[in-house]
Colleague: 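Got a structure for you, written out below as structure tokens; questions coming shortly.
Order of appearance sets the numbers: ligands from 1, and atoms from 1 within every ligand. The figures that follow rest on heavy atoms only: side chains count, while hydrogens, waters and symmetry mates do not. Being a predicted model, the structure only gives us computed values, none of them experimental.
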Amino acid sequence: MKLSKLFLGLSLAMGLVATAAAQTTMKISISVAQNSHQGVAIDTFAKEVEKRTGGRYKIQTFYAGSLGGERESIEAVQLGTQELAFSSTGPVPNFVPEAKILDIPFLFRDKAHARAVLDGSIGQDMLGKFDSKGFKALAWAENGFRHMTNSKRAVNSPDDLKGLKMRTMENPVHVAAYKGFGIITTPMAFPEVFTALQQGTVDGQENPLSVIMSAKFDQVQKHLSLTGHVYSPAIFLMNKGAFEKLAAADKQAFLEAAKEGAKANRARVDSDDASGVADLRSKGMNVVENVDKSKFVGALTTVNADFEKQFGKANIDAIRNVK
Ligand code: EAX
């Protein structure tokens, strides 16, 4: 009697150990709040990975830069101290220089064009460039078209940007271009931006409506101009070793989960873009909706000539020519 009870207890305990061992937990992070286009991306990814692996893989989600800014989380993924990150391409060129070309201002006509490029052969080839740097790039997603905000004045033309001190991403293409606008550029990690705006360390910043809303920049910025000066892609990155350790079917599960995450993310960007102006106006922002884009493009003539030299005109044209 006693022995059989002991046996039952033991086998139960062993069963529990076996269940625990069969579940692997991985981390994924974003630099913005959970209630955002990026939160939706990683929440969907986590749910889909669990579903598609029968619960053998559990994805722990971290928001608002709680594991560090985008650059730090990409570094952590490269080192393997964190398995996954979802990031804009802002800091990506520091790891994969080929990705720089995607952040050229006024490269994409609209979201449909950007999505077609990323989902087409150019984007899919680019995902392969991450392999030799210690990453598995699971899928492209989206941060969105970036717009300028500041606390000083309404921006109607590039002349209005001259002398504004603005936070930029840690991205060499952005920094070069924004200098072309006459902006005083201050590269900074995203988690520091709200405080920098609040304390007046910088006058402004630029980000998609999705980010401006989720970060509540309306509380610290008066003016918003829909410049749409650059399209900001986003990406699901995984540590290469962690991905390679997965069984073939699980690899597929992770890839498909990332695609589902990207789908949900793009849908949220679309709805944020549709509601953003009214929402931010209702919170007191002064919004300039119609800027003369040709003037902004014109201000970058010299910078664009440099980009053509640096990246190859043919490569830039190949992106522009995608229908
Ligand atoms: O990924 O750093 C930035 O401005 C990014 O757009 C933001 O963190 C969202």
Side-chain angles (χ1 to χ4, degrees), residues 28-43 45 61-77 84-95 99-100 102-105 108 111 114 118 137 139-150 165-175 177-178 183 185-198 201-218 220-221 224 226-237 261-262 264-266 268-269 272-273 276:
I28 190 165
S29 65
I30 53 171
S31 69
V32 299
Q34 179 176 16
N35 183 10
S36 70
H37 60 317
Q38 299 196 9
V40 161
I42 66 170
D43 288 350
F45 174 74
T61 46
F62 294 86
Y63 313 97
S66 59
L67 295 186
E70 291 186 325
R71 187 193 173 97
E72 288 167 291
S73 40
I74 296 172
E75 229 159 51
V77 170
L84 292 139
F86 181 94
S87 175
S88 77
T89 47
V92 165
N94 300 304
F95 303 87
K100 264 191 233 175
L102 296 175
D103 274 79
I104 292 178
F108 297 105
K111 281 181 287 189
L118 296 172
W140 288 113
E142 181 163 280
N143 200 24
F145 272 97
R146 305 179 78 88
H147 307 293
M148 309 266 181
T149 72
N150 80 92
K165 192 166 177 196
M166 298 211 1
R167 174 270 175 173
T168 73
M169 289 205 278
E170 301 163 279
N171 179 296
V173 172
H174 287 201
V175 173
Y178 303 164
I183 288 171
T185 53
T186 308
M188 193 187 289
F190 186 77
E192 294 162 44
V193 179
F194 188 92
T195 309
L197 294 169
Q198 192 172 39
T201 317
V202 291
D203 302 318
Q205 64 85 46
E206 42 77 59
N207 250 305
L209 293 176
S210 297
V211 176
I212 296 170
M213 285 193 283
S214 71
K216 303 192 185 340
F217 285 159
D218 51 273
V220 286
Q221 296 278 269
L224 162 65
L226 299 190
T227 44
H229 53 278
V230 61
Y231 174 83
S232 192
I235 193 164
F236 279 96
L237 290 176
N265 154 262
R266 286 170 172 179
R268 175 66 183 260
V269 172
D272 287 345
D273 278 347

Colleague: Starting from atom 7 (C) of ligand 1, what is the nearest protein heavy atom, named by residue and atom, and what distance separates them?
Modeller: Phe190 CD1, 3.7 Å

Colleague: Going by distance alone, is a donor N or O of one side chain under 3.5 Å from an acceptor N or O of the other, for Tyr63 and Gln38?
Modeller: no

Colleague: For atom 2 (O) of ligand 1, what is the nearest protein heavy atom, given as residue, atom name and distance?
Modeller: Arg167 NH2, 2.8 Å

Colleague: For atom 1 (O) of ligand 1, what's the nearest protein heavy-atom neighbour? Residue, atom name and distance, please.
Modeller: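 Of every protein heavy atom, Glu70 OE2, 2.6 Å lies nearest to atom 1 (O) of ligand 1.
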
Colleague: Counting C-beta onward and ignoring hydrogens, is there a side-chain heavy-atom pair between Leu197 and Arg167 closer than 4.5 Å?
Modeller: no

Colleague: At under 4.0 Å between heavy atoms, which part of Val193 makes contact with ligand 1: side chain, backbone, both or neither?
Modeller: neither

Colleague: Considering heavy atoms of the protein only, find what lies nearest to atom 6 (O) of ligand 1 and give residue, atom and distance to 0.1 Å.
Modeller: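 Answer, as residue, atom name and distance: Asn207 OD1, 2.6 Å.
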
Colleague: How close does the nearest protein non-hydrogen atom get to atom 9 (C) of ligand 1, and which residue and atom is it?
Modeller: Gln38 NE2, 3.2 Å

Colleague: Which residue and atom name correspond to the protein heavy atom nearest atom 8 (O) of ligand 1, and how close is it?
Modeller: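 The answer is Ser31 OG, 2.9 Å.
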
Colleague: Taking only heavy atoms of Ser88 into account, list the atoms of ligand 1 that are under 4.0 Å away from them.
Modeller: 1 (O)

Colleague: Taking only heavy atoms of Val32, which atoms of ligand 1 are found under 4.0 Å from at least one of them?
Modeller: 9 (C)

Colleague: Decide yes or no for Asp203 and Lys165: does some side-chain heavy atom of the first lie under 4.5 Å from some side-chain heavy atom of the second?
Modeller: yes

Colleague: Is Pro233 close to Asp103 at the side-chain level, that is, under 4.5 Å between some pair of heavy atoms?
Modeller: yes

Colleague: Report the part of Ile30 (side chain from C-beta onward, or backbone N, CA, C, O) that has a heavy atom under 4.0 Å from ligand 1; answer both or neither where that applies.
Modeller: neither

Colleague: Check each heavy atom of Gln205 against ligand 1 and say whether those closer than 4.0 Å belong to the side chain, the backbone, both or neither.
Modeller: neither

Colleague: Using 30° and 60° as the class limits, which term best fits the ring planes of Phe190 and Phe217: parallel, tilted or perpendicular?
Modeller: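 The rings of Phe190 and Phe217 sit tilted, inter-plane angle from 30° to 60°.
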
Colleague: Got Tyr231 and Leu118 here, is their nearest side-chain heavy-atom distance under 4.5 Å?
Modeller: yes

Colleague: Any side-chain heavy atom of Leu209 sitting closer than 4.5 Å to one from His147?
Modeller: yes

